[in-house]
Amino acid sequence: MQEHDDKGAIARLISMVERPSSRERQDLEDWLAGQAEAGFVVGVTGAPGSGKSTLVDRLLGQIRATDERVAVLAVDPSSPFSGGAILGDRVRMQGHTQDAGVYIRSLATRGHLGGLTVSVPRIVRLLEALSFPWVLVETVGVGQVEIEITGEADATVVVVNPGWGDSIQANKAGLMEIADIFVINKADRPGLRDTRRDLENMLEMSPSDRRPPIVETTATNGEGVDALFATLAEFKGELEASGELSRRRAARRLAEFDRLVMAMLHQAVERAMSGSDLRERVRDGSLTPLKAAAELVGSIDVSLEREERE
Ligand SMILES: Nc1nc2c(ncn2[C@@H]2O[C@H](COP(=O)(O)OP(=O)(O)O)[C@@H](O)[C@H]2O)c(=O)[nH]1
Ligand SMILES: [Mg+2]
């Protein structure tokens with residue numbers, strides 16, 4: 001019973017954080033400001049169907065075996081018309097729903113993927129503050145925004161599968177640059193060796209001095225997941241010892257600041273746009289685009305208070 005109450009409370013706090021602005025959120029913000037960034041955030045990314053959810057589910061088991069609490073954010077790009085993937089994730093991770101030490105949340109993007117780059121880091125921050133030493137963020141590594149979200153993690157795990165060209169796909173998508181650890185999942189399938197060789201060759205060519213480890217897993221039966229967890233724990237230790245963890249976090253805070261500024265300006269512009277006839281006047285030629293733009297920008301009210309009143 002207790003667990004259910006806690007999970008309900010976390011869900012309410014998350015929706016508060018997701019809302020663009022509200023009075024409660026400012027109280028929450030004040031509280032968050034006093035909390036340490038105490039969690040280790042792991043991004044798990046890869047093509048749809050590569051086995052990320054199955055793997056995350058297994059990782060939960062490994063983490064729980066150490067008795068530490070863990071939260072999962074599954075960022076799902078499915079359209080509002082196909083909630084299937086979200087349900088799938090829930091069902092797959094079901095083994096842990098009764099466990100008070102596990103919190104799982106799917107974030108549907110509802111066709112507004114861009115907004116997630118603003119809300120995901122904030123939700124992650126909230127979960128850290130709510131005493132989850134591990135936060136796993138599952139994203140589909142297919143586009144710029146997903147990669148941006150994944151890049152927000154302390155450590156990034158890129159999942160590929162055996163099969164010709166999969167690692168090349170990962171390279172094209174820009175996943176090579178953000179990977180701290182590679183997982184070849186579905187190691188039970190043919191083509192494992194070729195994929196490992198492909199990956200190694202590609203990493204050989206990368207200018208970075210650190211060579212990401214490659215771990216082979218079969219998420220469906222759990223094989224190799226203990227090795228993945230060990231690799232992850234070791235990497236965490238390295239990041240902490242070298243000071244790289246604090247550097248990454250400082251960079252993340254700056255990136256979040258930049259994105260929030262842009263998001264707030266964007267909202268303010270949209271508000272100003274929707275209440276003006278400037279577009280009409282530009283279209284019919286009664287005002288030059290430059291004059292109209294200057295007028296619009298001059299009329300922008302970016303204060304959060306205004307947002308709250310509306
Ligand atoms: N053969 C095999 N199938 C797997 C493995 N891991 C996941 N799958 C299957 O691949 C499908 C997609 O898995 P899912 O975890 O939903 O992938 P996601 O879209 O990346 O989250 C499911 O049918 C899984 O059962 C694996 O290691 N081996
Ligand atoms: Mg999934």
Side-chain angles (χ1 to χ4, degrees), residues 14 17 32-33 35-46 52-53 55-60 62-64 66-75 101-105 107 116-141 145-159 170 174-183 206 208-215 217 225 227-260:
I14 287 180
V17 160
L32 273 176
Q35 304 299 309
E37 293 170 320
F40 190 67
V41 184
V42 181
V44 178
T45 192
K52 299 177 297 297
S53 297
L55 199 61
V56 163
D57 188 35
R58 292 281 177 182
L59 269 178
L60 289 182
Q62 293 282 323
I63 293 171
R64 290 303 288 148
T66 70
D67 233 21
E68 293 196 293
R69 282 154 49 87
V70 52
V72 177
L73 279 184
V75 180
V102 173
Y103 180 78
I104 297 168
R105 172 67 178 256
L107 293 178
L116 283 173
T117 58
V118 175
S119 57
V120 168
R122 301 189 40 72
I123 296 171
V124 165
R125 179 101 176 78
L126 172 71
L127 291 168
E128 284 184 86
L130 292 172
S131 310
F132 286 99
W134 292 88
V135 180
L136 311 181
V137 183
E138 176 191 333
T139 53
V140 178
V145 171
E146 291 89 341
I147 287 164
E148 239 176 75
I149 293 170
T150 310
E152 288 298 305
D154 294 322
T156 300
V157 174
V158 171
V159 182
L175 293 176
M176 286 290 173
E177 287 131 64
I178 61 164
D180 295 306
I181 296 170
F182 275 101
V183 169
S206 117
S208 158
D209 30 323
R210 185 183 169 275
R211 189 73 50 85
I214 303 173
V215 184
T217 60
V225 180
L228 173 60
F229 183 57
T231 305
L232 206 49
E234 190 184 334
F235 183 60
K236 179 177 186 259
E238 279 169 31
L239 285 179
E240 284 163 355
S242 65
E244 174 65 12
L245 188 59
S246 19
R247 278 194 292 278
R248 286 185 177 200
R249 291 186 161 181
R252 256 163 57 190
R253 285 195 295 270
L254 272 183
E256 184 180 350
F257 167 69
D258 290 346
R259 275 202 300 269
L260 280 170

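Sequence positions, counted from 1, serve as the residue numbers for this chain.
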Atom pairs and distances, side-chain donor-acceptor, residues 237-245, under 3.5 Å, sequence neighbours left out:
residue	atom	partner	partner atom	Å
Ser242	OG	Glu238	O	2.9
Ser242	OG	Leu239	O	3.4
Ser242	OG	Glu244	N	3.2
Glu244	OE1	Arg247	NE	3.2
Glu244	OE1	Arg247	NH2	3.3
Glu244	OE2	Arg248	NE	3.1

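- The shortest heavy-atom contact between Arg69 and Leu130 is NH2-O, 3.0 Å.
- Separating the CG atom in Leu232 from the CD atom in Gln62 is a distance of 10.5 Å, to the nearest 0.5 Å.
- At least one side-chain heavy atom of Arg252 sits less than 4.5 Å from a side-chain heavy atom of Val41.
- Rounding to the nearest 0.5 angstrom, the gap separating the CG atom in Asp57 from the CG atom in Leu136 is 10.5 Å.
- A 4.5 Å side-chain heavy-atom check between Leu60 and Ile104 finds at least one atom pair inside the cut-off.
- Considering every non-hydrogen atom in both Pro121 and Arg259, the closest pair reads CG-NH2, 3.8 Å.
- Of all the heavy atoms in Gly43 and Ala153, the pair that sits closest is N-CB, 3.2 Å.
- Taking the side chain to side chain donor-acceptor pair (under 3.5 Å) definition, one finds that Arg64 meets it with Asp99, sequence neighbours left out.
- At a threshold of 4.5 Å between non-hydrogen side-chain atoms, the residues Ile14 and Tyr103 count as touching.
- Below 30°, between 30° and 60°, or above 60°: for Phe40 and Trp134 the angle between ring planes is above 60°, a perpendicular geometry.
- Glu128 and Ala38 get closest at one heavy-atom pair: OE1-N, 3.5 Å.
- Residues Pro212 and Asp180 share a closest heavy-atom pair of CB-O, 3.3 Å.
- Looking at Leu73 and Leu127, their side chains come closer than 4.5 Å, going by heavy atoms from C-beta outward.
- Considering CD1 of Ile181 and CG of Leu228, their distance stands at 6.5 Å, rounded to 0.5 Å.
- Closest non-hydrogen pair, Gly101 versus Phe132, comes out as O-CE2, 4.1 Å.
- The structure places NZ of Lys52 at 7.5 Å from OG1 of Thr139, a figure rounded to the nearest 0.5 Å.
- Counting heavy atoms from C-beta on, the side chains of Glu234 and Pro213 never come closer than 4.5 Å.
- Between Thr217 atom OG1 and Phe229 atom CZ the span is 15.0 Å, to the nearest 0.5 Å.
- Between the CZ atom in Arg125 and the CG atom in Leu32 there is a gap of 5.5 Å [rounded to 0.5 Å].
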